[in-house]
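Encoded as structure tokens, here's the structure I'll be asking about.
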Protein chains: 2
Amino acid sequence: MRTIVNQPEVFLRQKGIKASFQRVRIFDYLQNSREHPSVSKIFEDLHPHIPSLSRATVYNTINLFLEKHLVIPVPVEGTEARYDLSEPIHAHFFCTGCGQIFDIDTKAFPLPAELKDFDVTETHVLFKGQCPQCVGKTSS
Amino acid sequence: MRTIVNQPEVFLRQKGIKASFQRVRIFDYLQNSREHPSVSKIFEDLHPHIPSLSRATVYNTINLFLEKHLVIPVPVEGTEARYDLSEPIHAHFFCTGCGQIFDIDTKAFPLPAELKDFDVTETHVLFKGQCPQCVGKTSS
DNA sequence: ATTCTTGCAAATCATTTGCACTTTA
DNA sequence: TAAAGTGCAAATGATTTGCAAGAAT
């Protein structure tokens, strides 16, 4: 269960990020989105409400959030990067039918013995297939 | 442990793929590579030996191999796709220091109950961090 | 006033496409 | 010789960069 930050400006400052209008809006968007959005999606959804917003600013902001570890890239292959707020370990399910990415609760993955000399900082588990809404539909 | 195909032309035909010179070379390259290479890497390594080779052919071939399920994309974020020959389930470790991707043997990941109505066709486990060679070095 | 942020446009990089030429069954 | 494969160059799409103008401290 995600913890919603209700004072994003304070939260951003604590992370060493100056809380500009655009950054707060993008952070709010990420908090309220469950779709692990791409930069394009963020831009297209916010642009109508912030007409002056530029794609470059969304890229700048996401890259800043990445540096400060507020967001992580969801490791799905494909041409467009998708992002998620950093959270305790959880898995993702990527639907090859509709492209949605679902959060899946899961216990921590037991670390294989092979990795004992590695410094493991992140674990990602990705399932792929069809979600219940897509299972019925043709898949040709 | 990977099974090496020593008659790639026969193998490709069995998969319904016409065994052109370039395709056999690219398949051989994938078999002998342990680096989960990108298209650029494949191209740059083969080009000196096959001067006529074109990047487009490498893309065509990889896309064909993907269709025929000979290779799978390794789901790491980043701007360049990386590929692996299809294999029984295993995990990957991505080193944020040197960019190497290691194969890690692992038991099948137990399917979370949440996914009972999903059609799960693939499971990917990705660990990230620093490999033993990079752990010592500065990380600023 | 200095520093950081934004927004535009141009640049870059990965990937795809269109098409003419070559290979091969 | 028809069908499929290759290679080049141009097109597309995502992302980054350079820079001038704007906002914040």
Side-chain angles (χ1 to χ4, degrees), chain A residues 8-10 12-13 15-29 35-68 70-83 99, chain B residues 8-10 12-29 35-68 70-83 99 101:
Chain A
E9 322 208 346
V10 175
L12 292 178
R13 290 229 179 68
K15 298 283 180 174
I17 296 171
K18 208 172 279 186
S20 78
F21 175 74
Q22 290 87 336
R23 288 171 180 173
V24 171
R25 284 306 192 82
I26 291 169
F27 182 79
D28 275 340
Y29 180 87
E35 2 181 6
H36 310 77
S38 62
V39 165
S40 294
K41 187 75 170 65
I42 299 170
F43 175 77
E44 278 146 29
D45 286 351
L46 287 181
H47 189 234
H49 305 107
I50 314 172
S52 75
L53 184 66
S54 149
R55 268 196 161 74
T57 297
V58 181
Y59 278 106
N60 286 340
T61 300
I62 288 292
N63 285 335
L64 178 65
F65 286 0
L66 283 169
E67 259 174 49
K68 301 292 187 180
L70 260 68
V71 304
I72 50 171
V74 179
V76 284
E77 80 282 353
T79 178
E80 233 187 343
R82 309 269 297 257
Y83 301 96
Chain B
E9 321 208 346
V10 175
L12 292 178
R13 290 229 178 68
Q14 283 169 357
K15 297 282 180 174
I17 295 170
K18 208 172 277 187
S20 78
F21 176 73
Q22 291 87 336
R23 288 171 180 174
V24 171
R25 285 307 192 82
I26 291 169
F27 182 79
D28 276 339
Y29 180 87
E35 3 182 5
H36 310 77
S38 63
V39 165
S40 294
K41 187 74 170 64
I42 299 171
F43 175 77
E44 278 147 29
D45 287 349
L46 287 180
H47 190 234
H49 305 108
I50 314 173
S52 76
L53 184 66
S54 150
R55 269 196 161 74
T57 296
V58 182
Y59 277 106
N60 287 340
T61 301
I62 289 292
N63 285 335
L64 178 65
F65 286 180
L66 283 169
E67 259 173 50
K68 301 292 187 179
L70 261 69
V71 305
I72 51 171
V74 179
V76 283
E77 80 282 353
T79 178
E80 234 187 342
R82 308 269 298 258
Y83 301 96
I101 298 176

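Note on naming: letters A, B, ... go to the chains in the order of the sequence lines (proteins, then strands), and numbering restarts at 1 for each one.
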- request: In whole angstrom, give the distance that lies between atom CD1 of B:Ile42 and atom C1' of D:dT6.
  value: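 Whole-Å distance recorded here is 17 Å.
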Please list each protein N or O that sits under 3.5 Å from an N or O in nucleotides 1-5 of chain D, with the distance.
| residue | atom | partner | partner atom | Å |
| --- | --- | --- | --- | --- |
| D:dG5 | OP1 | B:Arg23 | NH1 | 2.7 |
| D:dG5 | OP1 | B:Arg23 | NH2 | 3.1 |

- prompt: Could you give the CZ-to-P distance, from A:Arg82 to D:dA14, as a whole number of Å?
  reply: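 Atom-to-atom, A:Arg82 to D:dA14, this comes out as 13 Å.
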- prompt: Taking OH from B:Tyr59 and P from D:dG13, how many angstroms apart are they, rounded to a whole number?
  reply: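 Going from B:Tyr59 (OH) to D:dG13 (P), I get 16 Å.
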Within residues 43-51 of chain A: residues closer than 4.0 Å to DNA chain C (heavy atoms): none
statement: Across all chains, not counting sequence neighbours, the salt bridge (charged side-chain N to carboxylate O under 4.0 Å, His left out) partners of B:Asp28 are none
DNA chain C: 5'-most and 3'-most nucleotides touching chain B, 4.0 angstrom heavy-atom criterion: C:dA14 to C:dT17
field: Residue met sooner reading DNA chain C from 5', once B:Phe21 and B:Ser38 are mapped to nucleotides
entry: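 Mapping each residue to its closest nucleotide by heavy atoms, the 5'-most match is B:Ser38.
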field: Pairwise 5' ranking along DNA chain C for B:Arg13 and B:Ala56, keeping only the more 5' one
entry: B:Ala56
- prompt: Rounded to whole angstrom units, what separation is found between the CG atom of A:Asn60 and the C1' atom of D:dC19?
  reply: 13 Å
task: Find the bend of the helix from C:dA1-D:dT25 to C:dA25-D:dT1 as the angle between its two terminal axes (five pairs each), to the nearest 10°.
output: 20°
Under the salt bridge (charged side-chain N to carboxylate O under 4.0 Å, His left out) test, residues paired with A:Glu44 that sit two or more places apart: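 Checked A:Glu44 against salt bridge (charged side-chain N to carboxylate O under 4.0 Å, His left out); matches are A:Arg55.
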- request: Name the nucleic acid region contacted by A:Ser40, choosing base, sugar-phosphate or nothing; use a 4.0 angstrom heavy-atom cut-off, strictly under.
  value: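 No contact at all - A:Ser40 keeps every heavy atom at 4.0 Å or more from the nucleic acid.
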